[in-house]
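Count residues from 1 along the sequence. Whatever order the structure lists them in is the order used to number ligands and atoms, beginning at 1.
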Amino acid sequence: MDALVVGGGPSGSVTALLLARAGWEVELVDRAAFPRGKACGECLNPAGVALLHAMDLLECVLAAGATPLDGWEISPRGPRVARGRFSGPDRALGIERRSFDAALLGEARRQGVRVRERTTVEAAHPGDVSTPARVRLRRPDGGKEERHASILVGADGLRSRVAQEAGLALPPQGPTRASLTWRVQGEGPPRNRGRLLLGDGCTVGFAPVGSPAASSPSLWNLTLVLTGTERTGSLREKGWELAQRVLEEGGITWSEHPEVVEGPWGSGSFHRPVRGEVQGRTLLVGDAAGYFDPLTGQGIFRALRSARLAGQVLTGGESDPNPPGSAAGLPRYPGALRSGLRWSRRLQRVIDGVLARETSRVVGLSTLRLIPGAASGLIRLTGDRPETLVRRPAPVLPGPGREGGP
Ligand SMILES: Cc1cc2nc3c(=O)[nH]c(=O)nc-3n(C[C@H](O)[C@H](O)[C@H](O)COP(=O)(O)OP(=O)(O)OC[C@H]3O[C@@H](n4cnc5c(N)ncnc54)[C@H](O)[C@@H]3O)c2cc1C
């Protein structure tokens, strides 16, 4: 085959479908059965929304159910909040990962990608100039199978097996962090924005998700991130109480007691650097290509952006396309990725630096409340659309007063 993609999250599905659109023969394997839930704050930032629109994928995502978000509220402590709005018609989306990921995977299937679920990559060889890449798979029936491909795409997330086997993964770095995500059902809080609440040694993200019309009572994402903690069984027991307390202190009120309908999904630790994104005939996209921190909610945007860049360098330009399976574009990928994500990576490091210490965290976030417009500025920056600081973007989401845009 021309390409084998490992992982059916957003980075894998989008890379696979872009290659298939260009006439490549593509197979995608994932150890999970879809639809599947995942540890995530489930907010797709405005740059991610714009990117889906540019790749003709926004419609299938909206059809799967999504809640438009006008902005975020940040609570350094207690009910006092800093309110930040995206610019004018620019909005984010609260999405359920189970339906978002399944929608993109379904689109990959429609483009001709052969999708194999419950199929795990156990070993991989990145290939070189003269030999194809190869992987050893475990099929759903437990049988083993070896597959060869001209190009191998590692889209297998945080602890990427492909990155490890290709010698690209570095040891985890930074502070230990663990997270728990619950799907909550209930009515009360406003559904047009997300909330980021800072507790003692923890951060809670809280946002509406899913289709507003389809789900009654409404669905929410509740994600707790703890610093200095490993993922353990006891965290699961204490985590829910802690998250509830932080929500209460942040002034979130319900008309009746909220109910957990799914989860928790656990994750951590997060800082997973790589020494490079290409080895032999193998390239990495999404979290597999290096992950830093979930706090600023840029992960899905980066997964989509890296997938698009991978698709572009592998297939070549429209006037001078590479033949299916060609490795000619691989050397261009690391540079394209570096410049395509430079902004996002720098911003995330600055925010992480501020949040790393309790004092700078409290001072930094209190400043957001005191300086008018500061919270909106930060929200726009973390939305990966710095251009919206100086000009009003064209709307891409349909809605009241927001005609579908270019
Ligand atoms: C707590 C938390 C909160 C977050 N909040 C947000 C947020 O609000 N907004 C945002 O944009 N980002 C957020 N992120 C980041 C976001 O979830 C990731 O960046 C995004 O999912 C990356 O997509 P991906 O396709 O690279 O990997 P994934 O979505 O992780 O997909 C990887 C796939 O590979 C499969 N796989 C793994 N290993 C194998 C194997 N050996 N064989 C076969 N298949 C395999 C898995 O089953 C999975 O389906 C958050 C992350 C965490 C942990």
* Does the side chain of E187 pick up a donor-acceptor pair with the side chain of S255 at under 3.5 Å? -> no
* So is G41 polar-close to ligand 1, meaning N/O to N/O under 3.5 Å? -> yes
* To do: Indicate yes or no: does an N/O atom of V285 lie under 3.5 Å from an N/O atom of ligand 1?
  => no
* Should D287 be counted as touching ligand 1, given the test is an N or O pair under 3.5 Å? -> yes
* Looking at E107 and R110, does any basic side-chain N land under 4.0 Å from a carboxylate oxygen? -> yes
* Among R136, R116, R138, which one satisfies side-chain hydrogen bond (donor to acceptor under 3.5 Å, both in side chains) with E145? -> R116
* To do: Examine ligand 1 and decide if any of its atoms is less than 4.0 Å from a heavy atom belonging to T119.
  => yes
* Asked: Do the ring planes of F270 and Y291 sit parallel (below 30°), tilted (30 to 60°) or perpendicular (above 60°)?
  -> perpendicular
* To do: Tell me which protein heavy atom sits closest to atom 11 (O) of ligand 1, plus the residue, atom name and distance to 0.1 Å.
  => I300 N, 2.8 Å
* Numbering as shown, the atoms of ligand 1 that approach G286 to under 4.0 Å (heavy-atom distance) -> 26 (O)
* Does any N or O in the side chain of T119 come within less than 3.5 Å of the main-chain N or O of E117, such that one atom is a donor and the other an acceptor? -> yes
* Kindly identify the option in V5, L137, D156 whose heavy atom sits closest to atom 37 (C) of ligand 1. => D156
* Structure fact -> The answer for which part of A155 has a heavy atom under 4.0 Å from ligand 1 is backbone
* Please report which non-hydrogen protein atom sits nearest to atom 31 (O) of ligand 1, along with the residue it belongs to and the distance in Å to one decimal place. => G9 CA, 3.6 Å
* Asked: Is the shortest side-chain N to carboxylate O distance from K38 to D101 below 4.0 Å?
  -> no
* Asked: Does any donor atom in the side chain of H257 or E259 lie under 3.5 Å from an acceptor atom in the other side chain?
  -> no
* Asked: For atom 13 (C) of ligand 1, which protein heavy atom lies nearest, and how many Å away is it?
  -> C40 SG, 3.6 Å
* Within 45° of the ring axis of W265 and under 6.0 Å from its six-membered ring centre, is that where the NZ or CZ of R36 lies? -> no
* Is R97 close to ligand 1, meaning an N/O of one under 3.5 Å from an N/O of the other? -> yes
* **Heavy-atom donor-acceptor pair, D156 side chain to A288 backbone, under 3.5 Å** => no
* Asked: Does a donor on one side chain sit under 3.5 Å from an acceptor on the other, for S75 and R195?
  -> yes
* Near S267, which atoms of ligand 1 are under 4.0 Å from a heavy atom of that residue? -> 53 (C)
* Applying a strict 4.0 Å limit to heavy atoms, is R302 in contact with ligand 1? -> no
* To do: Check whether any side-chain N or O of S99 sits under 3.5 Å from a backbone N or O of E96 as a donor-acceptor pair, and report yes or no.
  => yes
* Asked: Tell me: protein heavy atom nearest atom 51 (C) of ligand 1, and distance?
  -> Y291 OH, 3.4 Å
* To do: Mind checking whether P10 contacts ligand 1 via backbone (N, CA, C, O), side chain (CB onward), both or neither, at a 4.0 Å heavy-atom cut-off?
  => both
For residues 1-13, run the donor-acceptor check on the side chains, cut-off 3.5 Å, and write out each pair with its distance to 0.1 Å, sequence neighbours left out.
residue: D2; atom: OD2; partner: E25; partner atom: N; Å: 2.7
residue: S13; atom: OG; partner: G8; partner atom: O; Å: 3.4
residue: S13; atom: OG; partner: G9; partner atom: O; Å: 3.4

* Protein heavy atom at shortest distance from atom 2 (C) of ligand 1 -> P294 CB, 3.5 Å
* To do: Keeping the roles fixed (side chain from W220, backbone from V209), state whether a donor-acceptor pair exists under 3.5 Å.
  => no
* Asked: Hey, is the main chain of L314 close enough, under 3.5 Å, to the side chain of N322 for a donor-acceptor pair?
  -> yes
* Asked: Quick one: nearest non-hydrogen protein atom to atom 44 (N) of ligand 1, plus distance?
  -> R31 N, 3.1 Å
* To do: Answer yes or no for D30: is there a heavy-atom contact with ligand 1 below 4.0 Å?
  => yes
* To do: Please determine, by modelled atom types, if S87 and D90 share a side-chain donor-acceptor pair under 3.5 angstrom.
  => no
* ligand 1 versus S11: contacting region, heavy-atom distance under 4.0 Å -> both
* To do: Apply the side-chain hydrogen bond (donor to acceptor under 3.5 Å, both in side chains) test between E122 and each candidate in R31, R161, K144; give the one that qualifies.
  => K144
* Residue part near ligand 1, for S179, under 4.0 Å between non-hydrogen atoms -> side chain
* Asked: Which heavy atom of the protein is the closest neighbour of atom 53 (C) of ligand 1, given with residue, atom name and distance?
  -> F270 CE2, 3.4 Å
* To do: Compute the shortest N/O to N/O distance between L158 and ligand 1 and return yes if it is under 3.5 Å, no if not.
  => no
* To do: May I ask you to check whether C43 has an N/O atom sitting below 3.5 Å from an N/O atom of ligand 1?
  => yes
* Any Lys/Arg nitrogen of R97 or E42 sitting under 4.0 Å from an Asp/Glu carboxylate oxygen of the other? -> no
* Asked: Looking only at distance, does V6 have an N or O less than 3.5 Å from an N or O of ligand 1?
  -> no
* Asked: Short N/O distance, under 3.5 Å, between G299 and ligand 1?
  -> yes
* Structure fact -> The atoms of ligand 1 lying under 4.0 Å from a heavy atom of G297, numbered in the order shown, are 7 (C), 9 (N), 10 (C), 11 (O)
* For atom 28 (P) of ligand 1, closest protein heavy-atom neighbour -> K38 CE, 3.7 Å
* Structure fact -> ligand 1 to E42, heavy atom cutoff 4.0 Å, flagged ligand atoms 7 (C), 8 (O)
* Can you find an N or O of V121 that's nearer than 3.5 Å to an N or O of ligand 1? -> yes
* To do: Return yes when R36 approaches ligand 1 closer than 4.0 angstrom through a heavy atom, no otherwise.
  => yes
